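Please read all numbers here as calculations on a predicted model, not as lab measurements. What's counted below: heavy atoms across the whole structure, side chains too, no hydrogens, waters or symmetry copies.
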Amino acid sequence: MTSELAIERLSAADIAGSVALSSSVGWKDVPGEWRVLHAAALVLGARSQGQLIAQGALGDYGTVATLAKMVVAPHLQRARLGSRLLDRLLAEADTRALPVGLCAAPPGRRLYDSRGFLPVGELVVVTGSPSVGTSPAGVAVALLDAEPAILLDRHWLGCDRRRMLRARLREASAAFLLPEGGGYGLATAQGEGWLVGPIVARGEAEARLLAAAIFGSAPGPIRIDVPVEQHGFRDWLAGVGLRELGARAEMARGTARLPWQVPQRFALATQAWC
């Protein structure tokens with residue numbers, strides 16, 4: 001019975017099992033994503049006969065939390081194990097008096113609805129091989145230290161994502177910074193392509209410069225998750241050969257607006273980190 005299975009805190013020793021569990025539901029996770037989770041989030045899970053069968057994470061941004069990587073093994077998805085795991089993570093957020101945000105895959109919407117989450121926005125998944133080259137020489141410089149990005153991020157988003165950003169930079173395949181506080185952008189390898197994000201910038205022109213610098217470094221196809229309201233940036237992405245695959249809901253519990261829903265957010269860190 002799944003009600004008898006213990007939900008426990010997972011550690012970096014469980015990364016291989018976490019990647020395998022995510023793969024069982026079709027997610028293209030890589031170990032680096034889970035290294036970031038263990039550096040910057042509370043990761044819980046359940047096992048059966050030594051195998052991970054459920055997992056999820058709660059990232060703490062100081063004044064708000066993000067719920068990520070809720071996965072249950074396919075053969076147990078109707079056994080209420082996901083509900084138990086979600087309730088444990090939400091109880092932790094409640095203990096810290098934190099509202100919670102997430103990006104909802106369609107299969108999880110009913111469960112999140114039942115726990116008081118409401119839709120507060122949408123993101124668009126954009127993929128392909130961009131035709132644009134690098135930014136003009138000297139405009140975007142390599143981001144070698146996370147601190148400038150942390151300061152910009154805190155200034156515009158108003159929450160503390162430093163642990164996530166430091167961990168993401170350690171895993172980054174490309175990272176760029178614009179002068180005079182114009183913004184920053186990261187990308188990480190994910191299988192045969194790159195996952196681009198976050199891109200946080202003063203305006204659309206700066207976001208394009210950062211994206212072009214990253215695209216010029218990418219050896220293959222990319223994926224970038226863009227807030228639906230960034231219409232001009234989405235049009236520019238389409239103009240360099242990328243296509244939109246569809247939208248997903250951003251949802252919130254305990255607040256009508258999430259702090260990262262600001263005009264300066266042009267690409268999510270990932271759907272796990274919003």
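L237 CG to R243 CZ: the interatomic distance, rounded to the nearest 0.5 Å, is 13.0 Å. From L98, atom CG reaches atom OG1 of T255 across 11.5 Å, with rounding to the nearest 0.5 Å. Rounding to the nearest 0.5 angstrom, the gap separating the CZ atom in R47 from the CG atom in L21 is 11.0 Å. Rounding to the nearest 0.5 Å gives a distance of 8.0 Å between CG of L157 and CD of Q264. Atom CD of Q55 sits about 11.0 Å away from atom CG of L89, to the nearest 0.5 Å. To the nearest 0.5 angstrom, L143 atom CG is 9.0 Å from Y184 atom OH.
A salt bridge does not link R234 to E122: none of the charged side-chain nitrogens sits closer than 4.0 Å to a carboxylate oxygen. The pair R248-D225 fails the salt-bridge criterion, with no side-chain N (NZ, NE, NH1 or NH2) lying under 4.0 Å from an Asp/Glu carboxylate O. Residues R202 and E180 are not paired through a salt bridge, judged by the lack of any N-O separation under 4.0 Å between the basic side chain and the carboxylate. A salt bridge between E147 and R166 is present, with a side-chain N of the basic residue lying under 4.0 Å from a carboxylate O of the acidic one. Ion pairing of D87 with R80 is absent here, as no side-chain N (NZ or NE/NH1/NH2) approaches a carboxylate O to less than 4.0 Å. Using a cut-off of 4.0 Å between Lys/Arg side-chain N and Asp/Glu carboxylate O, R162 and D153 are scored as not salt-bridged.
Closest non-hydrogen pair, V30 versus G191, comes out as CG1-N, 3.8 Å. The heavy-atom pair separating F176 from L210 by the smallest distance is O-CD2, 3.7 Å. A54 approaches L81 most closely through the heavy-atom pair CB-CD2, 3.6 Å. W194 and A174 get closest at one heavy-atom pair: CZ3-CB, 3.6 Å. Pairing each heavy atom of I7 with each of R88, the nearest pair is O-NH1, 3.4 Å. Heavy atoms only, all atoms of each residue included: A57 and L37 are closest at CB-CD2, 3.8 Å.
Using a 4.5 Å cut-off on side-chain heavy atoms (C-beta onward), L268 and P227 make contact. With contacts defined as side-chain heavy-atom distances shorter than 4.5 Å, the pair E92/L44 does not qualify. Contact of the R115 side chain with the S83 side chain is registered, since non-hydrogen atoms from C-beta on lie closer than 4.5 Å. Put simply, the side chain of L42 does not reach to within 4.5 Å of the side chain of D60, judged on heavy atoms. Under the 4.5 Å side-chain criterion, counting only non-hydrogen atoms from C-beta, K69 is not in contact with S18. Using a 4.5 Å heavy-atom cutoff, the side chains of D29 and S23 are not in contact. Using a 4.5 Å cut-off on side-chain heavy atoms (C-beta onward), T63 and D160 make no contact. Put simply, the side chain of P221 does not reach to within 4.5 Å of the side chain of T127, judged on heavy atoms.
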Walk me through it: do V71 and L52 pass the test side-chain contact (heavy atoms from CB on, under 4.5 Å)? CA-CA 10 Å; V71 184; L52 273 178; over 6 Å; no

When you look at V120 and R257, which way does the side-chain contact (heavy atoms from CB on, under 4.5 Å) test go after all the steps? CA-CA 7 Å; V120 293; R257 178 189 166 277; over 6 Å; no

Under the side-chain contact (heavy atoms from CB on, under 4.5 Å) rule, what do R163 and L165 come out as? Steps first, then yes or no, please. CA-CA 6 Å; R163 289 195 300 162; L165 290 173; over 6 Å; no

Let me see the working for V200 and R161 under side-chain contact (heavy atoms from CB on, under 4.5 Å), right down to the final yes or no. CA-CA 12 Å; V200 177; R161 305 199 302 176; 4.1 Å; yes

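In the hydrophobic clustering of ILVMFWY residues, with side-chain heavy atoms under 4.5 Å counting as a link, Y112 and V25 come out apart. Linking ILVMFWY side-chain heavy atoms closer than 4.5 Å, directly or via other members, places I199 and L195 in two distinct hydrophobic clusters. Transitive grouping of hydrophobic side chains (ILVMFWY, heavy atoms separated by less than 4.5 Å) keeps I53 and M70 in distinct clusters. Clustering ILVMFWY residues whenever any of their side-chain heavy atoms sit less than 4.5 angstrom apart, transitively, puts L58 in a cluster other than the one holding W273. L258 is connected to V262 through a chain of hydrophobic side-chain contacts under 4.5 Å among Ile, Leu, Val, Met, Phe, Trp and Tyr, so both are in one cluster.
With S114 contributing its side chain and L111 its backbone, the two residues share a donor-acceptor pair below 3.5 Å. Under the 3.5 Å distance criterion, the side-chain polar atoms of S173 are left unmatched by any main-chain donor or acceptor of A218. A donor-acceptor pair under 3.5 Å links the side-chain atoms of Q230 to the main chain of P263, judged by distance alone. Between the side chain of R168 and the backbone N or O of G197, at least one donor-acceptor pair lies under 3.5 Å. In this structure, E204 contributes its side chain and W236 its backbone to no donor-acceptor pair below 3.5 Å.
Between Y61 and W260, the ring planes are perpendicular. Angles over 60° get that label, and only those under 30° would be called parallel. Using a 30° and 60° split on the angle between ring planes, W34 and H38 fall in the tilted class, from 30° to 60°.
Looking at Q190 and E33, their side chains do bring a donor and an acceptor atom within 3.5 Å of each other.
Residue Q51 places its CD atom among 12 or fewer non-hydrogen atoms of other residues, nucleotides or ligands, all under 6.0 Å distant.
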